[in-house]
Number of protein chains: 2
Amino acid sequence: MNMWMEQFNQFILKTGLRHSQQREQVARIFFSTTTHIGIEELFKKVQKINSKIGIATVYRTLNLLVESGLAQKRNFDTGAVTYEPTPVKHHDHLICTQCQEVVEFHHEKIEELQEGIAKSYKYELQFHKMELYGICSKCRLLKKK
Amino acid sequence: MNMWMEQFNQFILKTGLRHSQQREQVARIFFSTTTHIGIEELFKKVQKINSKIGIATVYRTLNLLVESGLAQKRNFDTGAVTYEPTPVKHHDHLICTQCQEVVEFHHEKIEELQEGIAKSYKYELQFHKMELYGICSKCRLLKKK
DNA sequence: ATGGGTGCAAAGCGTTTGCAACCGG
DNA sequence: CCGGTTGCAAACGCTTTGCACCCAT
């Protein structure tokens with residue numbers, strides 16, 4: 001997490017921006033969340049630390065984090081918008097549609113094939129998202145009972 | 001495509017709604033698109049057929065189509081919102097992060113591997129979502145100039 | 001001190017909704 | 001006719017922006 005803040009501050013310097021209390025506070029709280037977080041939720045957490053901070057600053061900082069590549073924005077098909085720290089090592093997700101359990105996995109062969117697909121359409125691949133939805137073994141057993 | 005309209009009209013009857021010129025026109029044009037379409041784009045197409053139609057009707061009809069299960073809404077991480085007729089055969093997406101162009105593809109080998117991954121975690125795979133984000137050749141050329 | 005950062009409120013933008021007129025059954 | 005549907009414009013919710021003041025450098 002200090003690693004995140006270090007990278008963030010490096011980015012700020014490199015881009016010729018300035019360090020500020022607010023950016024520090026927002027980023028710190030953002031990186032302390034282990035999972036996805038929505039703007040309103042982050043804003044509330046931030047206000048507990050510094051009630052003077054406006055939501056505009058949260059938006060601005062989050063946009064900075066995305067620009068720096070340290071955070072990723074996710075627009076789910078439900079309409080929910082959340083942000084998450086960019087995963088250190090890429091992984092995909094296997095999600096149980098019953099109990100919501102999430103398993104992370106990495107499959108080199110698939111990554112290669114994706115690269116090949118992008119290439120065949122003359123796309124320069126930047127990142128991807130793969131989500132497998134299914135029913136985990138525990139839930140499958142429960143269903144049968 | 002007539003199949004789509006038939007199903008749509010069945011849904012309308014079943015739900016106790018009414019048939020109308022506008023719904024017919026919007027749905028017809030929507031189903032005549034082979035790929036993803038955004039609301040503004042659909043609205044423009046609709047207006048060429050019937051300039052009296054308001055955008056509110058396009059929104060309302062699209063929502064109906066989603067409720068009926070005949071269309072799907074996609075919120076890509078670029079922020080683009082598009083709709084597509086519910087795919088008869090599954091496919092995945094390749095999205096340009098610059099111009100938002102969407103290419104559909106299907107890769108049997110990857111599907112097999114996904115099945116294998118699910119199995120190795122003892123998940124019963126139901127469906128999945130794979131989105132590759134990159135820069136298309138047109139945008140890559142523009143950038144270099 | 002200089003110019004970027006902040007908070008506030010206003011503006012934007014895409015989407016939904018209230019309403020009177022309209023039209024399908 | 002009756003009540004659902006439409007077009008319009010206003011309302012909405014989320015996000016961005018203009019501005020005067022503040023603060024890091």
Side-chain angles (χ1 to χ4, degrees), chain A residues 5 8-30 36-44 46-68 71-83, chain B residues 5 8-30 36-68 71-83 100:
Chain A
M5 292 309 298
F8 184 45
N9 286 322
Q10 270 176 33
F11 171 80
I12 282 179
L13 286 180
K14 194 180 61 193
T15 323
L17 301 175
R18 283 186 194 166
H19 178 269
S20 83
Q21 275 267 313
Q22 293 92 325
R23 279 180 183 161
E24 179 86 17
Q25 294 173 321
V26 173
R28 243 187 172 49
I29 293 179
F30 173 70
H36 294 240
I37 189 166
I39 288 187
E40 211 57 43
E41 195 186 341
L42 177 56
F43 178 51
K44 275 178 197 141
V46 167
Q47 287 215 313
K48 286 183 188 163
I49 306 300
N50 179 346
S51 61
K52 296 288 186 303
I53 281 186
I55 200 165
T57 296
V58 175
Y59 275 101
R60 289 191 270 231
T61 305
L62 237 17
N63 287 341
L64 258 190
L65 287 168
V66 170
E67 281 167 40
S68 72
Q72 283 179 213
K73 184 179 184 178
R74 317 224 82 120
N75 294 39
F76 293 114
D77 286 349
T78 56
V81 174
T82 63
Y83 290 77
Chain B
M5 291 309 298
F8 184 45
N9 286 322
Q10 270 177 32
F11 171 80
I12 282 179
L13 286 180
K14 193 180 61 193
T15 323
L17 302 176
R18 281 187 196 168
H19 178 268
S20 82
Q21 274 267 313
Q22 292 92 325
R23 279 179 183 162
E24 179 85 16
Q25 293 173 322
V26 173
R28 244 189 170 50
I29 293 177
F30 172 70
H36 294 241
I37 191 166
I39 288 187
E40 211 57 44
E41 195 186 340
L42 177 56
F43 179 50
K44 276 178 197 141
K45 284 196 178 191
V46 166
Q47 286 213 313
K48 285 184 188 162
I49 306 301
N50 179 347
S51 61
K52 296 287 186 306
I53 281 186
I55 200 165
T57 297
V58 175
Y59 275 100
R60 289 191 270 232
T61 306
L62 237 18
N63 286 342
L64 258 190
L65 286 167
V66 170
E67 280 168 40
S68 73
Q72 282 179 216
K73 184 179 185 176
R74 318 221 80 119
N75 294 40
F76 293 116
D77 284 349
T78 55
V81 175
T82 63
Y83 289 77
Q100 320 278 2

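In what follows, chains are A, B, ... by sequence order, proteins preceding strands, each numbered from 1. These numbers come from a predicted model, not from an experiment.
A:Lys52 contributes atom NZ, which lies 11.5 Å from atom CD of A:Gln22 (distance to the nearest 0.5 angstrom).
When the C1' atom of D:dC23 is taken as reference, atom CD of A:Glu24 falls 16 Å away, rounded to whole Å. The CZ atom of B:Phe43 sits 10 Å away from the C1' atom of D:dG7 (whole-angstrom rounding). With rounding to whole Å, A:Asn9 atom CG is found 13 Å from C:dG5 atom P. Atom NZ in B:Lys73 sits roughly 10 Å away from atom C1' in C:dG14 (whole-Å rounding). What separates CG of B:Asn75 from P of C:dT15 is a distance of 9 Å, to the nearest Å. The separation between B:Lys44 atom NZ and C:dG14 atom P is 11 Å, rounded to whole Å. Note: CG (A:Leu42) to C1' (D:dT15) measures 15 Å, nearest angstrom. If you take CG of A:Leu64 and P of D:dT17, they are 13 Å apart, rounded to a whole angstrom.
Using bins of under 30°, 30° to 60° and over 60° for the plane-to-plane angle, the ring pair A:Tyr83/A:Phe30 lands in the perpendicular bin.
A residue-by-residue look at A:Gly16 and A:Arg60 shows that A:Gly16 has its nearest nucleotide of DNA chain C further toward the 5' end. Nearer the 5' end of DNA chain C, as judged by each residue's closest nucleotide, is the contact made by B:Glu40, out of B:Gln21 and B:Glu40.
Of the candidates C:dG7, C:dC23, D:dC14, C:dC23 carries the atom nearest the B:Arg18 side chain, counting heavy atoms from C-beta on. For B:His19, taking side-chain heavy atoms from C-beta onward, the closest of the listed nucleotides C:dG25, C:dT16, C:dT6 is C:dG25. In the set C:dG25, C:dT15, C:dC8, the nucleotide with an atom closest to the side chain of B:Val81 is C:dT15.
Contact annotation: A:Tyr59 does not reach the phosphate of D:dT16 (side-chain N/O to OP1 or OP2, under 4.0 Å). A:Gln22 has a side-chain polar atom (N or O) that falls below the 4.0 Å cut-off from OP1 or OP2 of C:dG7. For C:dT6, the OP1/OP2 oxygens have a side-chain nitrogen or oxygen of A:Ser20 closer than 4.0 Å. An OP1 or OP2 oxygen of C:dT6 is reached within less than 4.0 angstrom by a side-chain nitrogen or oxygen of A:Arg23.
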Criterion side-chain contact (heavy atoms from CB on, under 4.5 Å) on A:Ile53 and A:Val58, from CA distance to verdict: CA-CA 8 Å; A:Ile53 281 186; A:Val58 175; 4.3 Å; yes
Derivation and outcome, salt bridge (charged side-chain N to carboxylate O under 4.0 Å, His left out), residues A:Glu24 and A:Arg28: CA-CA 6 Å; A:Glu24 179 86 17; A:Arg28 243 187 172 49; 2.7 Å; yes
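Residue contacts for B:Ile55: at a heavy-atom cut-off of 4.0 Å it reaches no nucleic acid atom on any strand shown.
Within a 6.0 Å sphere centred on CD of A:Gln21, heavy atoms belonging to other residues, nucleotides or ligands number 12 at most.
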